Structure formats: C-alpha cells, structure tokens
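Data first, discussion second: the structure below is written as structure tokens.
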Amino acid sequence: MPHDIPESHPRRISLLTRDKLISGFDNKLVATAGLIAHGRGEAFDYLLGEVTTKPAQESIEAAAALLLSAENAVVSVNGNVAALTPKQVVTLAGLTSAAVEVNLFYRSLKREHAIREVLMAAGAEQVLGVGKAASASIPNLESERGKVDPRGIEKADVVLVALEDGDRTEHLVKLGKKVIAIDLNPFSRTAQYAQISIVDNLVRAMPALIKKAQEFLVKKFSQQDLEKKVKAYNNKKTLGKSIALINQRLTDLARKGVFL
Ligand code: PTJ
C-alpha cells in the first residue's frame, strides 16, 4: 500500500521510489534481494549527488546511439526494472526497435508471469524469456540468468541490462555482444565489464535514454552518425570520471563538514 508522502518532504522522490519497490515486492515482481540491491544503489546515489552527472550523460548518449544502430537489441528486464520503470522500458524498446526479455537471477514462473503482465499493461506487444521460451542458455553461466530466449538475448548484438549481479555481463561480452549497463555502482563487476556503463539511477537514466533516442531520431542521424558516436565513447575514461566525481564531491563535503 503506497504511503502518503507530503509534497514538501525533502526526500519525496526517494521515498516514492522505495514505495514502488515495496509494492513490486508485494506483487511478486521484486525479489527479496532486490530490496537490498536498491539500498546499495541509494548509497551510491547519495555519493553522486542524486543527479544525472556529466559522465552519466555521456554514457547515455553513447547508449542511445548504440541501441539505435543495433541489429537485434534487447532490453533485459528483472524484478526491480519491472517495478520502477515498466513504461519507460516499453517506450525505449519501441523507439529503438528492441525486444523486451524477462531475465531473472531469482527465477520463478510466478515472478516471470507477474513481470510479463506489468510490461503488457505498460503497452508491450511481446515479452520474451518467460517460462519455456527461455530455452537457450549462455554457455558456462550456471545461474538462472543463463536461461535466455533464442529470439532475444541469444541472438542479440546489443543488450541493455540494469541492476545486474555481474556474472552475466562478463559472459555476454565474451559471446561478442555489446552490453549497456545501468548501475549506480561504478566499481561493480557489471559496470566494469560492460562496454557502456551508465552510472546513474535507473529512474533518471531511462527517461534520459528515451529523450536522447528521440533526439537522434528527430535529427535523422544516419547509421554512420550513430556508429561514430559509439566509437568516440570510451567506457574506462567515463567510469574514471564518475569515480573522480565521487572523490571530488567527498573531498569538498569533508572540507565543509556540515552541508545541509
Ligand atoms: O529480479 P532478479 O531475480 O533478477 O534479481 C535482481 C537483483 C537486483 C536482486 C540482482 O540482480 C542482484 O542481486 O543485484 P546486485 O548484485 O545487488 O547488484 C545490483 C546493482 O544495481 C548494485 O551495483 C546497485 O548499486 C545497483 N542499483 C541498485 N539500485 C539501482 C541501481 N542502479 C541503478 N539504479 C537503481 N535504482
């Protein structure tokens, strides 16, 4: 049951986001560990100042270009993504002609169906990876995340993942796929392995990705223009900038002591 959070509450957005996750947990979308994962994300978001930083914006731009230039892009959806940004998943997939696939670490048929329902209610025409549809597997990946849909992640050239446990990104990259990760933790294995790591909160990054993709479409960017944008992007450098930003922010705050 969502709480009544006053408009004036200084942490309103953060509390509303928590409420969405708690409702998602009650509705069997979100794994128990998904609540813990969110807490870790919140801690990093604090360090980043709870804004889409300049380096995150650079990653978002490259990610929009990569999604638009892909042949078979897939947006991978887990419990937290389904609870927080189902509409944005469908909009982004529509804009970039990407497929939408359910892929869970804590897989259960009940959760897969619940997530599919939420995505369909948000306007998805097809949701891959549910039940027997996840009949293929990622070689050498033993977790449930290894189960993929042959029409989706198995044949994808580009996969967008958010709030991952790390293992799968490494394996997807080994298979020659390009991985875009949304992860607030720049030190996570996912962020380190992905070719494009968006160090930002999912709830800000998804709308920003949609905005960028729309902009490229309106400006009629050619395949060549898009590929040029992707090529110009350097993930190591951009991750380094995110880490430097946290470092600088902490140094400034430490100097001031009190900052409220
Ligand atoms: O739904 P399932 O079964 O697939 O399970 C999903 C979870 C999230 C439980 C699973 O993937 C997991 O355990 O993930 P981790 O290893 O806790 O990693 C989650 C990462 O996402 C961490 O690096 C967090 O900092 C980051 N994170 C958490 N909330 C957000 C976030 N990144 C972006 N936006 C957020 N809102």
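Please read all numbers here as calculations on a predicted model, not as lab measurements. Counting starts at 1 for both ligands and their atoms, following the listed order. Side chains included, hydrogens not; waters and symmetry mates left out as well; all remaining heavy atoms used.
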Under 4.0 Å from one or more heavy atoms of Gly79, ligand 1 contributes atoms 1 (O)
Can Asp225 and Ser222 be counted as having a side-chain donor-acceptor contact under 3.5 angstrom? yes
Checking contacts here: is it the side chain or the backbone of Glu164 that comes within 4.0 Å of ligand 1, counting heavy atoms only? Could be both or neither. backbone
Return the closest protein heavy atom for atom 22 (C) of ligand 1 as residue, atom name and distance. Asp183 OD1, 3.7 Å
Are the side chain of Ser69 and the backbone N or O of Leu226 linked by a donor-acceptor pair below 3.5 Å? no
Look at atom 16 (O) of ligand 1 and find which of Arg40, Arg204, Arg111 reaches it with the closest heavy atom. Arg40
Cationic N near anionic O, under 4.0 Å, Asp252 to Arg249: no
Between Arg204 and Asp45, does any NZ, NE, NH1 or NH2 come within less than 4.0 Å of an OD or OE carboxylate oxygen? yes
Quick one: does ligand 1 sit under 4.0 Å from the side chain of Glu42, the backbone, both or neither, non-hydrogen atoms only? neither
Arg168 and side chain to side chain donor-acceptor pair (under 3.5 Å): which partner among His171, Glu170, Glu164? Glu164
Show me which atoms of ligand 1 lie under 4.0 Å from any heavy atom of Gly34. 9 (C)
Of all the atoms in ligand 1, which lie at a distance below 4.0 Å from a heavy atom belonging to Ala33? 9 (C)
Of all the non-hydrogen atoms in the protein, which one sits nearest to atom 2 (P) of ligand 1, and at what distance? Phe105 N, 3.5 Å
Look only at the side chain of Glu61 and the backbone of Lys212, and say whether a donor-acceptor pair between them is shorter than 3.5 Å. no
Set out, in order, the CA-CA distance, both residues' side-chain angles and the distance that settles side chain to side chain donor-acceptor pair (under 3.5 Å) for Asn103 and Ser76, then state yes or no. CA-CA 6 Å; Asn103 182 278; Ser76 179; 4.5 Å; no
Proximity flag Arg145 to ligand 1, non-hydrogen atoms under 4.0 Å: yes
Does the plane of the ring in Phe221 sit parallel, tilted or perpendicular to the ring in Phe216? Use 30° and 60° as the thresholds. parallel
Residue and atom name of the nearest protein heavy atom (relative to atom 31 (C) of ligand 1), distance in Å to one decimal: Leu163 CG, 3.6 Å
Between Arg189 and Asp167 (salt bridge meaning N to carboxylate O under 4.0 Å), is one present in this structure? yes
Note the single closest protein heavy atom to atom 28 (C) of ligand 1, along with its residue, its atom name and the distance in Å. Ala37 O, 3.1 Å
Among all the protein's non-hydrogen atoms, which is closest to atom 12 (C) of ligand 1, and how far away is it? Asp165 CB, 4.3 Å
Leu84 N/O under 3.5 Å from ligand 1 N/O: no
Does a side-chain N-to-carboxylate-O contact under 4.0 Å join Glu50 and Arg11? yes
Starting from atom 32 (N) of ligand 1, locate the nearest protein heavy atom and write down its residue, its atom name and how far away it is, to 0.1 Å. Leu184 N, 3.1 Å
Tell me which part of Asp200 gets within contact of ligand 1: side chain, backbone, both or neither, using heavy atoms under 4.0 Å. backbone
Atom 5 (O) of ligand 1 has as its nearest protein heavy atom Tyr106 CD1, 3.8 Å
Could you identify the single nearest non-hydrogen protein atom to atom 34 (N) of ligand 1 and state the distance to 0.1 Å? Leu202 N, 2.9 Å
Glu42 bridged to Arg18 by N-O distance under 4.0 Å: yes
